[in-house]
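Comments concern the structure below.
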Amino acid sequence: MLKTQELTLNMGPQHPSTHGVFRCVLNLDGEYITKVVNHTGYLHRGLEKLAEARTYTQFIPYNGRLDYCSGMMNELAYVMTVEKLMGITEEIPERAQYLRVIMAELQRIASHTIYVASFSLDIAGFTGFMYAFRDRDRALDLIEAASGQRMMPNYMRIGGVAADVDENWFSQLQKLLDDMPASLDEYDGLITGNEIFQARVKNVGIVTREMALDFGFSGPNLRASGVDHDLRRDEPYGIYDRFKFDVPLGEQGDTFDRFVVRIKEMRQSVNIIKQAIKDIPEGPIMAKVPKVIKPPVGEAFHCIENSKGHLGFYIISDGSTKPYRTRIYSPCFVSLGFFPIVAKGQHLMDAVVTLASIDIVLGEVDR
Amino acid sequence: MFGQGLIKGLGITFGHLFEKKITQQYPEERPVLPERFKGSFSLRVPKCIACGLCSNACPNNVIKIESEKDENNKKKLTGYKMMAERCLYCGFCVEACPTKALLWNHNFERATFFREDVNLDLFNSYVPSPEDEKPAKPEKEEETAKPEKEEETAQAS
Amino acid sequence: MDIFIKIAGALQDWLMNGMGLSVTASELIATAVWALVAILFILVNLIILVWMERKLGAFFQMRRGPNRLGPAGFLQFPVDIVKVLGKEDIIPAAADKPIYKIASICAFVTTICAFAVIPFAKGMVLEDLNIGIFYFIAIGSTATLSLLMAGISSNNKYSFIGGMRTVAQMISYEIPMAFSLLGVVMMAGSLRLTDIVEAQQNMWFVIPQAIAFIIYFVATIAETNRGPFDLAEGEQELVAGYFTEYSGIRWAVFFIAEYGNLVAVASIATIMFLGGWNAPFGLTFLPPFLWFMIKVYCMIFMFMWVRWTFPRIRIDHLMHFGWKFLIPVSIANIMVTGIGIYVYRMITN
């Protein structure tokens, strides 16, 4: 007796293209998806609970482990929240502010090159992967020279940054900035302009404006759907109001737009860093903060424009040296909710591409 | 025309065919590490005053210090163990040390066969060397630069 | 350089006269020796090809590729085979055992059969069939069956999906492959491969049949499951497609079959479009056999170049492209070729 049956496929925690330990259970009809159930939590390390047993300064290295591709920006978000709690946001020295901006944008370039590389790998363009990693390596070398480690920099401190950088570092940075536009053109030529890539990626995983706002997207995913919102321009934190940069927008909200928006954002990051290098003053890199940090009783929330979206920290202090509660608003976790709804009816290969286009990092999803 | 992007892509990969390679032949060529590189730890035992600031600064209780009081009622170090298997490599201990006794070194080849060998015993494995009396590099260069400048101005005037 | 022909002739003479065997027995033994030589040829080529693929892929990506074993990493593949031979033979408990075991060998057998009609130089061919190219296309169709057997017998959902995709893809792209070769057959006037090469002494068929060449190139990339058309083994979605469950020497046999197919297909491209063993521009200082191999390797370089540059194409785009674009264009090519030949004959008569 012939009958057709739905296939239940487990894209398990170990899979070449789920961007980490993410598991989703797919119901397939032939090769088209009928139902998806997300299962997260395979990388849960209890960071929010750990924060209750660490002092404010001691928790800074743990933030680098959240979204391990953009360590500097996570630490920046946390540090700015604690500074807001303590009320010393105005006292951060100028040089420290400029260094923070330079490091954050450099880290954004590093994170977006991982996006380009892993996206290219997901559609089997191995060469694009290598080219993007070549550029990421140069950015990581710079971060290593400034802080000592490539991925979990532990560079931001409450009241400033940890260490200063010298002329050598700036000249190396300048070389990288001069070479980046040519590399970005190479990605455009090899990946974005490729007809096979475009056929794979255009009109796939369309998220309209209303859907994006309903799902709670933020960051490049939201801008690719046409919503013009960028925290660095609309609610500037630090000294971002002193820089001129464009905010790239997409039109349709499909996977192609999400890809192109991130490449354009890399160009804008290069722009911002160039402006910052020109204006950076000499001076101290750390404000006068007490050795033992005891914020007054209260709560504060601050979010920044991470490479994945709005990364927010909500800290409640009870007057002691350890926070009472640290809550991390992670953009990847929120965006992952779109996958069961948008993947329905898609082909299996399209679902992989759609998942890759959101740029999830499991460290942030599971904390 | 349909195939333009494809041909451009082919041209880009062909252009890279005979370029200089960006990979490093690892065991023969060593990577060039920056000064601040965080590899492993080294303790200059004569400089350590067993204050315990490093142990307090550590987020994960990695450092265990044993000390005893000697005749002048000053603390002397008798044991310094680091459970490197729990270490976050954040560097707070190195930053907190007041005498710059605990330092980073560039040893990154720390794979071992047994789990216990990862943990470091910096007191018992300490090897005295003449470098111990030198100040640690970055900040102190300004102080050593100052006397030279004073000599120059003295000579000039 | 007729040395191989002389050796074969001497062998057959010895078998018939020296050993006193009848004609059929000696022909059988000579054929068996030829089959062994074909296997050896594939294996020797394989060592060079795998090295070339890994080195080329690395050079395109600005890295070095294998460089430790042997000069410039040349011995990497033999050492890999030695490692693979030592692996445990794991067969999934619920797999369909006879079919599972036969599938990899089937793939290899069809590859070797294709080499029976390929002429490497004038007279250096096992059996110069007068339906040479027809035989080759027919053998190409049977390769589909072994991949389907591998996919279904593995009792693994990923392999199953891979096997299904393979059947769809390979069947769809045989048609443009055959039609593009028809234009060449019309111009040469015969299905026999030696005749086709001799008809290209003045001008290689790639010039009048440029469109057919491109269609053949794309269709054979799909036939051999390489490059942008390697959906069946799509690593990113299906882990390894139809050979997910194969390990050890069974996997190595699939691997050898895949590269053997590549050499066969590149040889046919050389024979049909690039002039076979004819030296270009009359440079006859190299023996024809070597010219043939050089042209085959140029074709293989182009296959590898395409593989390492382009991302993978999606299954419905693949079907659209094959059925709605390649087949009409190849049929149009046949029509234009036919009209051209008729007009040419009218003019020259």
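In the text below, chain A, chain B and the rest are named by the order of the sequence lines, each starting its count at 1. Because only heavy atoms are used, hydrogens play no part in the values below, and waters and symmetry mates are left out as well, while side chains stay in. Please read these numbers as outputs of a predicted model, since none were measured by experiment.
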Any chance you could lay out the side chain to side chain contact (heavy atoms under 4.5 Å, CB included) test for A:E144 and B:L33, step after step, and finish with the verdict?
CA-CA 9 Å; A:E144 188 186 25; B:L33 298 171; 4.2 Å; yes
Could you state the interatomic distance from [atom1] ([X]) to [atom2] ([Y]), rounded to the nearest 0.5 Å?
X      : Y      : atom1 : atom2 : result
B:I7   : A:N194 : CD1   : CG    : 11.0 Å
B:K8   : A:E186 : NZ    : CD    : 10.5 Å
A:N154 : B:K38  : CG    : NZ    : 5.0 Å
A:Q58  : B:C58  : CD    : SG    : 7.0 Å
B:I12  : A:Y187 : CD1   : OH    : 11.5 Å
B:I22  : A:R134 : CD1   : CZ    : 6.0 Å

Check each atom of [X] against the heavy atoms of chain A and say whether the ones under 4.5 Å are side chain, backbone, both or neither.
X     : result
B:L88 : both
B:L10 : neither
B:P59 : both
B:N56 : backbone

Please flag which part of [X] lies under 4.5 Å from any non-hydrogen atom of chain B: side chain, backbone, both or neither.
X      : value
A:R150 : neither
A:F197 : neither
A:I196 : both
A:N168 : neither
A:S147 : backbone

Do other residues, nucleotides or ligands put more than 12 heavy atoms under 6.0 Å from the [atom1] atom of [X]?
X      : atom1 : result
A:E167 : CD    : no
B:R30  : CZ    : yes
A:Y324 : OH    : no

Using a 4.5 angstrom heavy-atom cutoff, name the option from A:T57, A:T127, A:D188, A:I191 with the most pairs to chain B.
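Looking at each option in turn, the highest pair count goes to A:T57.
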In sequence, state the C-alpha distance, the side-chain angles, and the governing distance for B:T13 and A:Y131, and then conclude on side chain to side chain contact (heavy atoms under 4.5 Å, CB included).
CA-CA 10 Å; B:T13 35; A:Y131 294 167; 3.8 Å; yes
Is any side-chain heavy atom of B:N60 less than 4.5 Å from a side-chain heavy atom of A:R54?
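They are in side-chain contact.
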Under a 4.0 Å N-O cut-off, is there an ion pair linking A:R157 with B:E95?
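Counted as a salt bridge, because a side-chain N and a carboxylate O are separated by less than 4.0 Å.
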Give the member of B:W104, B:F37, B:Y89 that has the highest number of heavy-atom pairs under 4.5 Å with chain A.
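Sorted descending by pairs with chain A, the first entry is B:F37.
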